Number of protein chains: 2
Amino acid sequence: MVESFPGARSRRTTIKDVAEAAGVGVATVSRVFSGGPVSDETREKVLAAAARLDYRPSALGRNLRQRRRGGIGLLVPDITDGFYAGLADGVLACARSYGEPVTVGVTGDDPEQEAEMIGTMIEQSMDRIVAVPTGDAEMWAPALRAGLEVIFAERRVRPDVPGVLTDDASGVRTALEYLTGLGHRRIAFLAQRGQSRRVAAFTDALTALGIQADPELIVHARASRDSAYAVAAGLLQSRTDLTAIIAGSNLLGEAVVLAARELAVRIPRDLSLIMFDDVPWAELCSPPLTVIARPAQDVGYRAAELALRQGRRPKTVTLPAGLIVRASCGPRRAAGYWR
Amino acid sequence: MVESFPGARSRRTTIKDVAEAAGVGVATVSRVFSGGPVSDETREKVLAAAARLDYRPSALGRNLRQRRRGGIGLLVPDITDGFYAGLADGVLACARSYGEPVTVGVTGDDPEQEAEMIGTMIEQSMDRIVAVPTGDAEMWAPALRAGLEVIFAERRVRPDVPGVLTDDASGVRTALEYLTGLGHRRIAFLAQRGQSRRVAAFTDALTALGIQADPELIVHARASRDSAYAVAAGLLQSRTDLTAIIAGSNLLGEAVVLAARELAVRIPRDLSLIMFDDVPWAELCSPPLTVIARPAQDVGYRAAELALRQGRRPKTVTLPAGLIVRASCGPRRAAGYWR
DNA sequence: GTGAAAGCGCTAACAG
DNA sequence: CTGTTAGCGCTTTCAC
């Protein structure tokens with residue numbers, strides 16, 4: 001009889017070792033660990049042997065046999081972004097309550113990297129994946145074909161894939177009502193890739209409020225600090241008639257604060273700013289930022305829940321987004337005076 | 001001959017299907033996909049068949065056979081904390097360059113959860129893990145016994161496990177020199193669990209500067225916003241003779257800013273503040289915060305590199321930590337006058 | 001209740 | 001170069 005002893009890491013203890021040590025068949029050991037019908041007496045014996053041998057069932061063996069991988073895959077554009085970190089935290093919290101491991105990948109908002117990570121997920125036999133998609137609908141065809149349960153979060157690039165969204169349109173509308181109430185008319189929207197829905201909501205709400213949307217005031221940046229800063233600074237310098245900005249993400253909001261500071265544009269005196277996402281620093285910022293808040297953790301938690309929930313077909317859910325007024329917006333003053 | 005057609009997700013395409021379709025043996029297909037010696041002609045044939053069948057090798061099968069899991073596990077206390085998010089980003093970046101998936105778990109700085117996640121990693125046959133440890137040395141015994149390659153990051157609870165650390169002692173020393181240079185004597189250190197090395201460095205540096213360390217001025221908080229705020233506010237209210245604080249993490253720094261604001265303690269006029277970690281909002285804060293900066297991404301990247309690097313035994317590395325002076329510190333004024 | 005045996009998809013000998 | 005075969009650790013009929 002072979003006992004494992006400290007330092008004998010030669011071979012992993014397997015179900016066979018336990019069976020042998022307990023004097024039972026492997027099937028019985030399996031039943032003990034996966035809740036099959038076993039007599040109390042045998043269960044005790046097996047558990048004792050397992051403990052003695054420091055046995056852990058191998059997820060690899062089980063998954064291979066069951067032709068599934070278990071666990072959930074998570075794809076986000078950038079884990080250092082407060083919103084996505086919150087989303088990831090929600091997914092992790094939900095997964096933990098199910099005892100499922102989470103494999104995460106960052107796409108950098110780059111369709112090519114996304115495609116690559118999707119491939120990895122398929123190879124891993126991952127069978128559920130929560131993703132903030134960045135590529136087009138076609139990108140997800142292989143995953144769907146492979147039978148993965150995919151749930152989109154925040155964005156939704158295919159109607160046949162359920163998602164957890166936030167009511168950004170409503171958030172934008174509220175923000176715009178607030179801004180126009182303060183007298184602002186020349187309002188810009190600073191967007192990132194994949195925010196077309198927000199941009200559409202912006203122009204819609206604008207026209208609903210009787211303001212002609214100026215295409216020049218809708219600008220796009222890539223998902224990097226550099227790009228965000230460059231675009232923000234460019235906007236501020238080229239359009240001095242601007243009196244308010246809505247930033248589509250906290251990265252963009254950060255860029256506006258920095259660029260404004262650099263260009264000696266005072267917030268909220270010269271420029272009003274509303275940004276997406278109530279990250280912790282919004283309150284610490286000078287001035288504290290008025291934000292369109294979305295429940296990041298909830299989005300992640302619900303998405304993971306949808307992914308994990310067996311059985312019935314998941315449905316798309318939309319969570320609310322609301323305005324939190326702080327001190328970054330003020331009444332409109334004479335346009336263009338700050339240059 | 002069975003062709004897969006859209007919607008026929010009955011069974012995953014296996015190496016056997018490809019072998020059959022290409023008219024070769026399974027071993028040959030395996031060789032094609034894992035770089036064995038194959039004639040160009042056969043390779044073409046196999047690749048064509050694989051493409052036609054939309055074949056992806058199963059990592060499950062491969063890993064089971066090779067008795068390893070591949071990929072790397074990552075354990076951090078809190079993914080929404082800017083520093084750990086940066087660390088995770090570094091790990092993910094490195095892992096991506098090796099084509100390895102990363103499974104992440106958050107421990108909430110709770111040894112019990114940590115133990116549980118370590119168990120999960122073992123069951124997953126994970127063979128490398130990068131962790132910011134929160135429990136004691138014993139906690140890691142099962143992982144080590146199971147033959148996992150573990151690399152610690154930021155903290156190090158066992159001498160026999162290599163780690164990637166930052167030179168916090170030097171950072172604390174520099175910060176203290178700066179503070180004492182400004183005339184401060186009653187300086188507090190706000191710490192979290194696992195920051196004993198920093199606390200030690202703090203008292204050492206203090207005595208080296210000829211200041212008697214006051215044990216009451218070293219306070220500990222748990223890793224939650226609530227706990228951090230409560231402890232910060234308590235400190236501020238109980239010790240009005242305090243003129244400077246070093247916060248051991250950005251969570252703690254945030255709490256001090258908020259608590260000071262609430263208690264009408266002005267920074268830097270009434271209170272000087274230096275916090276650990278140069279998170280993006282440190283610059284946006286009012287006032288911009290002087291920080292002890294540590295290269296979060298690098299720590300993660302190097303740790304992942306150590307974990308992934310085969311062969312020679314990894315050695316512990318220490319990365320620099322430096323002071324970035326901004327506007328949250330000022331000369332000491334009459335103590336206690338702000339209460 | 002319990003054991004024996006057949007694979008899950010793949011790779012590593014070992015022959016040819 | 002290439003095919004055959006024997007498992008990796010586990011679950012799951014199917015007998016007993």
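Letters A, B, ... mirror the listed sequences (proteins, then strands); counts begin at 1. For clarity, every value in this text was computed on a predicted model and none was experimentally measured.
Shown for residues 38-47 of chain A: residues whose heavy atoms fall under 4.0 angstrom of DNA chain C, namely Val38(A), Ser39(A), Thr42(A).
In this model, a donor atom of one side chain and an acceptor atom of the other lie less than 3.5 Å apart for Thr316(B) and Arg156(B).
Ion pairing between a basic and an acidic side chain is recognised when a charged N comes within 4.0 Å of a carboxylate O; Arg155(A) and Asp109(A) show such pairing.
Chain B approaches DNA chain C within less than 4.0 angstrom (heavy atoms of the protein), and the contacting nucleotides run 5' to 3' from dG9(C) to dA13(C).
Atom CZ of Arg68(B) and atom P of dG9(D) are 14 Å apart (whole Å).
Tested against Leu75(A), the residues Ile129(A), Val150(A), Val132(A) include a single side-chain contact (heavy atoms from CB on, under 4.5 Å) partner, Ile129(A).
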Self-check item: Contact pattern, 5' to 3', of nucleotides 10-16 of chain D - B, S or - by protein heavy atom under 4.0 Å
Solution: BBBB---
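Legend: side-chain hydrogen bond (donor to acceptor under 3.5 Å, both in side chains) pairs involving residues 24-38 of chain B, not counting sequence neighbours: none detected. A ring pair (Phe, Tyr, Trp, His ring centres under 6.0 Å) check over residues 91-148 of chain B, counting only residues at least two apart or in different chains, returns the pairs Trp140(B)-Phe152(B).
Of the possible donor and acceptor atoms, none in the side chain of Thr103(B) sits under 3.5 Å from a partner among the backbone N and O of Pro101(A). Side chain of Arg128(B) to main chain of Arg309(B): no donor-acceptor pair is present (N/O by atom type, distance under 3.5 Å, no hydrogens or angles).
At most 12 non-hydrogen atoms from other residues, nucleotides or ligands lie less than 6.0 angstrom from CZ of Arg302(A). Counted within 6.0 Å of CZ on Arg222(B), heavy atoms from surrounding residues, nucleotides or ligands total 12 or fewer; the atom is thus considered open.
Contacts of Phe33(B) classified as ring pair (Phe, Tyr, Trp, His ring centres under 6.0 Å), with partners at least two apart in sequence or in another chain: Tyr55(B).
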